[in-house]
Amino acid sequence: MSQTVDRALSILPLLAEGPADLGQVADRLGVHKSTALRLLRTLHEHGLVYRQSDQRYRLGARLFALAQEAMENLDVREIAHPHLVRLNESCGHTVHLAVYEENEVLYIDKVESRYPVRMYSRIGKPVAITVAAVAKLLLADLPEHERRAVAEKLDYPLYTARSTPNASAFLRELEKVREQGWATDLGGHEESINCVAAPIRGADGRVVAAMSVSAPNVVVTADELLTLLPLVRRTADAISGEYSGRTPVKGTV
């Protein structure tokens, strides 16, 4: 039975490459045409494959409907939270999770620092979009025309001397973040707070959320915080893998 299921499932990635006839499916599976036909009929009955008028098979609409339903029911916060807790236990600093919704970047999860000095960020509160590391990652992933349109509409308050001063500077920063795949806020919002962040990606490679580690410089310097970047990126990659279904669930720290 397990071999039959394995063979049937092996047909799906084949058809994802494009329509294939019975002979092509049988050859790819290394089975007789009669065996391939039984598998295709079963998948067809469940709407996972569709037989075209030219007798070739392609992926069925039911498969796309299931995928869409699964994506709609995914809760990135629920998936990410255990990873954020383990990261916090490992480094001790504040960990945030944020998403981009309706032209705002919002914190949707937070694990507090173990140190006495705490951050005043709150779940559900918008971040300082022109300086926050998580915001840079989320906006950097937008298509160029959309990225530019957003940047040109924003105000650029000078929270500190390191704040992003204008749209041109912001777009340059977003391009840099897009290329390197991570972001920082080193005193851009508050002089005493530094932050490193990494993206969480869906199955299509697009950024669906961003996570960060933040700490005041009375606890660690900016350079010391940057040494945590590999750990932050590994955690984000683990969340991405679980969210997109690419990897099995396992610990990250």
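Basis for what follows: all heavy atoms, side chains included, without hydrogens, waters or symmetry-related copies.
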Distance from [X] atom [atom1] to [Y] atom [atom2], nearest 0.5 Å?
{"X": "E190", "Y": "S163", "atom1": "CD", "atom2": "OG", "answer": "10.5 Å"}
{"X": "H46", "Y": "L63", "atom1": "NE2", "atom2": "CG", "answer": "13.0 Å"}
{"X": "Q24", "Y": "L15", "atom1": "CD", "atom2": "CG", "answer": "9.5 Å"}
{"X": "S212", "Y": "L87", "atom1": "OG", "atom2": "CG", "answer": "9.5 Å"}

Can a salt bridge be assigned to the pair [X] and [Y] using a cut-off of 4.0 Å between side-chain N and carboxylate O?
{"X": "E17", "Y": "R28", "value": "yes"}
{"X": "D75", "Y": "R77", "value": "no"}
{"X": "E146", "Y": "R148", "value": "no"}
{"X": "R147", "Y": "E175", "value": "yes"}

Can any side-chain N or O of [X] pair as donor or acceptor with the backbone N or O of [Y] at less than 3.5 Å?
{"X": "D54", "Y": "R56", "answer": "yes"}
{"X": "Q180", "Y": "W182", "answer": "yes"}
{"X": "R178", "Y": "A140", "answer": "yes"}

Are [X] and [Y] linked, directly or through other ILVMFWY residues, by side chains that come within less than 4.5 angstrom of each other?
{"X": "V99", "Y": "L174", "result": "no"}
{"X": "V207", "Y": "L139", "result": "yes"}
{"X": "V208", "Y": "L97", "result": "yes"}
{"X": "L59", "Y": "L29", "result": "yes"}

For atom [atom1] of [X], decide whether the heavy atoms of other residues, nucleotides or ligands shown that lie under 6.0 angstrom number more than 12.
{"X": "Q55", "atom1": "CD", "result": "yes"}
{"X": "R51", "atom1": "CZ", "result": "no"}
{"X": "Y159", "atom1": "OH", "result": "yes"}

Answer with yes or no whether the side chains of S121 and H96 bring together a donor and an acceptor at under 3.5 Å.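 Their side chains do contain a donor-acceptor pair, which is all the 3.5 Å distance test asks for.
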